[in-house]
Protein chains: 4
Amino acid sequence: MSTTANSAKRADARRNERALLDAAASVFVTDGVDAPVRRIAAEAGVGMGTIYRHFPSRADLVVAVYRHQVDACAEAGPTLLGTATSPSAALRQWVDLFADFLTTKHGLAAAMRNDPDGFTALHALFLDRLVPVLADILSAARNAGEVTADVSAYQLIRAIGDICAGAELVDPAYDARLTIRLLLDGCRR
Amino acid sequence: MSTTANSAKRADARRNERALLDAAASVFVTDGVDAPVRRIAAEAGVGMGTIYRHFPSRADLVVAVYRHQVDACAEAGPTLLGTATSPSAALRQWVDLFADFLTTKHGLAAAMRNDPDGFTALHALFLDRLVPVLADILSAARNAGEVTADVSAYQLIRAIGDICAGAELVDPAYDARLTIRLLLDGCRR
Amino acid sequence: MSTTANSAKRADARRNERALLDAAASVFVTDGVDAPVRRIAAEAGVGMGTIYRHFPSRADLVVAVYRHQVDACAEAGPTLLGTATSPSAALRQWVDLFADFLTTKHGLAAAMRNDPDGFTALHALFLDRLVPVLADILSAARNAGEVTADVSAYQLIRAIGDICAGAELVDPAYDARLTIRLLLDGCRR
Amino acid sequence: MSTTANSAKRADARRNERALLDAAASVFVTDGVDAPVRRIAAEAGVGMGTIYRHFPSRADLVVAVYRHQVDACAEAGPTLLGTATSPSAALRQWVDLFADFLTTKHGLAAAMRNDPDGFTALHALFLDRLVPVLADILSAARNAGEVTADVSAYQLIRAIGDICAGAELVDPAYDARLTIRLLLDGCRR
DNA sequence: GATGAATGAGCCTTCATTCAT
DNA sequence: AATGAATGAAGGCTCATTCAT
């Protein structure tokens with residue numbers, strides 16, 4: 001009937017899925033990704049069964065919550081490489097974006113530290129999507145002589161991930177950005 | 001009354017405390033700092049009530065478990081400053097020591113990420129004891145012109161702590177030491 | 001209105017009912033008669049609401065599933081009485097048929113043990129349909145002097161039913177047929 | 001201190017274990033062996049955790065509930081063989097005892113039909129304890145020429161078990177004893 | 001002081017059943 | 001009529017914590 005159609009029935013199902021994603025995102029921030037299923041359901045205003053229908057395992061929910069943002073972050077890579085004044089500027093900007101995503105937005109980083117078994121999926125989402133993006137930027141920067149250290153995109157992205165994960169324990173005296181900047185400086189020479 | 005006196009009763013109390021510390025240290029490594037109280041008691045061969053008598057809260061136990069090692073790490077600072085070939089060498093060595101402590105030995109870092117509320121005590125132990133030590137080394141290095149970046153000991157110690165915490169998710173392709181080295185390089189220039 | 005008419009709509013309703021019966025029969029075998037409604041619906045390729053429309057209670061479904069076979073078993077009685085070499089041979093053959101039905105085919109026997117309240121309907125189906133059949137055979141055998149024990153058809157059919165029900169816990173060392181044979185022997189003298 | 005002592009502490013623990021066994025026996029009769037843990041705990045007047053402490057798995061509880069009675073039944077075998085007027089009389093009496101145990105006392109038989117996986121333990125308890133007893137009686141009867149059919153003790157005990165299990169669906173028109181008698185008659189000739 | 005039995009809140013998960021579409 | 005999404009009661013299990021012995 002229209003460009004938005006996805007079968008009549010799915011109207012409320014989609015509404016619920018959306019509500020669940022929003023609720024989960026919000027609850028993850030305050031209570032962590034191990035938050036009780038009940039709380040997420042309550043926050044979303046749905047029954048618990050509805051969570052299990054849409055996201056059979058907790059990992060499914062977590063991945064879904066963050067997928068959009070990971071995608072956005074990935075897509076920004078090539079763009080920045082085109083618009084920044086230099087590859088290293090693109091590197092700085094993309095790393096900032098990634099750090100923003102990690103630190104500011106959703107408490108995602110904590111997700112990766114708890115339950116490392118179950119969250120392989122999340123880990124994979126990250127790595128699969130973002131490592132190639134950073135690899136391109138890094139490669140450009142290296143070709144321009146702006147990065148000399150022998151460091152892989154994987155190594156770098158994990159370092160940044162861990163730094164931001166730790167920074168969630170907020171303390172005005174600690175500035176994750178500064179740490180990241182020092183790290184990038186260390187890559188340059 | 002005297003400094004050495006500790007009534008007969010105290011003898012097994014002390015034995016128990018020691019047993020609990022050892023047991024907790026061991027269980028923390030395998031099961032994490034959130035390990036069931038029962039398991040720790042069982043490992044120590046004491047009743048659960050005994051844990052609560054000696055360490056009313058989990059944080060008390062965690063702090064006690066790591067205090068010795070934190071002390072050892074702190075005491076190594078001045079020593080290294082005296083024996084190393086340069087302040088920056090001392091910095092490198094001490095940071096390695098600290099990272100060893102964090103990474104290799106005890107899964108301590110994870111402790112700081114979980115339950116950040118309850119582990120203020122642990123956090124404080126770290127900061128109170130180790131920040132001054134690193135500050136001295138850092139200051140010496142700065143005086144020698146070997147560190148130029150505007151970075152505080154607190155900033156640095158947290159950065160290293162977070163990096164090591166993240167590195168507990170073991171992966172041969174990731175090398176926390178390399179990250180730390182790059183970070184220190186970034187401090188030098 | 002006519003005896004053959006069943007408006008067009010009824011066509012797929014019937015198809016669905018058939019599909020449900022087949023699906024239920026199949027699922028009952030593998031998962032027992034307490035199988036989740038959802039699984040039956042899925043197996044039949046219909047929605048769950050459709051099950052409830054056609055078979056408001058689980059008992060309705062169970063009864064419907066087995067009615068055909070019970071009928072077939074009932075109809076075999078008079079036939080066997082006509083073809084067998086003696087009434088007691090007919091008895092043996094019919095009891096074998098019944099045991100086959102119970103044991104081999106469908107796990108039906110278990111149905112009668114679980115939820116005895118809700119399965120009165122199933123129980124009734126059995127008794128109403130099969131007891132008279134067995135009664136006739138038994139009576140013929142008694143008249144021929146081939147059964148002397150004072151045992152009713154109901155008593156006998158329940159005994160066989162229970163024996164087969166128990167035999168569903170498969171064990172090569174146990175042979176329900178042997179038990180039934182001994183029981184019939186005991187009826188003869 | 002005394003012949004009843006089993007360490008001071010266990011006083012209430014034992015009281016609880018006893019209460020649990022009684023409660024479970026009673027609840028098993030009315031609700032079956034799949035009765036909710038919560039209900040058993042409530043009936044016993046203890047917390048749920050107490051059940052899990054004493055009987056980690058449901059099978060443990062079920063076995064414990066019935067062990068006494070199985071023992072009593074087993075011990076009656078040799079006795080009856082000594083006191084009965086003939087081996088076949090002993091057989092009849094022991095089988096009656098066993099059937100009493102199964103039918104009248106505790107709904108145990110149902111236990112063996114549900115959850116056949118988890119109740120291997122119960123099954124084993126039965127077989128290990130009772131089959132040898134029946135085997136002795138059967139052997140005596142066979143030696144006396146009072147049993148001629150080629151039937152094993154295991155075959156017989158399972159047959160009786162299944163018959164009694166089925167008889168729990170009470171119906172005045174059905175008499176499990178009669179079925180068993182016919183079965184024994186069938187063994188004799 | 002030490003013990004460990006008991007408690008019970010809290011979480012996860014499954015499914016029968018309803019009902020909006 | 002059919003669908004299948006949603007609901008929520010029900011039950012299993014784990015552990016932190018208390019307290020009688």
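Below, chain A is the first sequence line, B the second, and so on; all start at residue 1.
Atom-to-atom, CG of D/Asp34 to C1' of F/dG12 comes out at 13 Å; the value is rounded to the nearest Å. Taking atom CZ of D/Arg39 as the reference point, atom C1' of F/dC13 lies 18 Å away to the nearest angstrom. Residue B/Ile40 contributes atom CD1, which lies 15 Å from atom P of E/dT3 at whole-angstrom precision. As a whole-Å value, the separation of B/Leu61 CG from F/dT17 P is 12 Å. Atom CZ of D/Arg15 and atom P of E/dA6 are 10 Å apart (whole Å). One atom, CZ of D/Arg14, and another, C1' of E/dG4, lie 16 Å apart when rounded to the nearest Å. Per the geometry, CG belonging to A/Leu20 stands 8 Å off P belonging to F/dA6, to the nearest Å. One interatomic measurement links the two molecules: CZ of C/Arg38 to P of E/dT18, which rounds to 14 Å at whole-angstrom precision.
Under the 4.5 Å side-chain criterion, counting only non-hydrogen atoms from C-beta, B/Leu21 is in contact with B/Phe55. D/His54 places a side-chain heavy atom less than 4.5 Å from the side chain of D/Asn16.
Nucleotide F/dT21 forms a pair with E/dA2, judged by Watson-Crick or G-U wobble geometry with both contacts under 3.5 Å. In a base pair of the Watson-Crick type (N1 to N3 plus N6-O4 or O6-N4) or a G-U wobble (N1-O2 and O6-N3), with each distance short of 3.5 Å, E/dG10 is matched with F/dC13.
Listed nucleotides E/dA6, F/dA1, F/dA6 differ in distance to C/Ala13; the shortest reach to its side chain belongs to F/dA1. Of the candidate nucleotides F/dC13, E/dA16, F/dC15, E/dA16 has the atom lying nearest to any side-chain atom of C/Val37. Listed nucleotides E/dT13, E/dA5, F/dG11 differ in distance to D/Asp12; the shortest reach to its side chain belongs to E/dA5. Side-chain proximity of B/Met48 to F/dT7, F/dT17, E/dT7: nearest is F/dT17. Across E/dT18, E/dA2, E/dA5, the shortest atom-to-atom separation from the side chain of B/Thr50 is found for E/dA2.
A salt bridge does not link C/Arg67 with C/Asp71: none of the charged nitrogens is closer than 4.0 Å to a carboxylate oxygen.
Residues A/Ile40 and A/Ala35 come closest through the heavy atom pair CD1-O, 4.2 Å. Residue C/Ser26 comes nearest to C/Glu43 through the heavy atom pair OG-OE2, 3.6 Å, listed as atom of the first residue, atom of the second, then distance. Contact detail for B/Ala44 and B/Ala19: the closest heavy-atom pair is CB-O, 3.7 Å.
Of the residues near DNA chain E, C/Gly49 and D/Gly49, the one whose nearest nucleotide (by heavy atom distance) lies more toward the 5' end is D/Gly49. Map C/Asn16 and A/Glu17 each onto its nearest nucleotide of DNA chain F; the residue landing nearer the 5' end is C/Asn16. Both D/Pro36 and B/Tyr52 sit near DNA chain F, but only D/Pro36 has its closest nucleotide nearer the 5' end.
Phosphate proximity of F/dA2 to C/Arg53: present, with a side-chain N or O under 4.0 Å from OP1 or OP2. Proximity of B/His54 to the phosphate of E/dG1: no side-chain N or O atom is located under 4.0 Å from OP1 or OP2. At E/dT17, none of the side-chain N or O atoms of C/Arg58 fall inside 4.0 Å of OP1 or OP2 (strictly under the cut-off).
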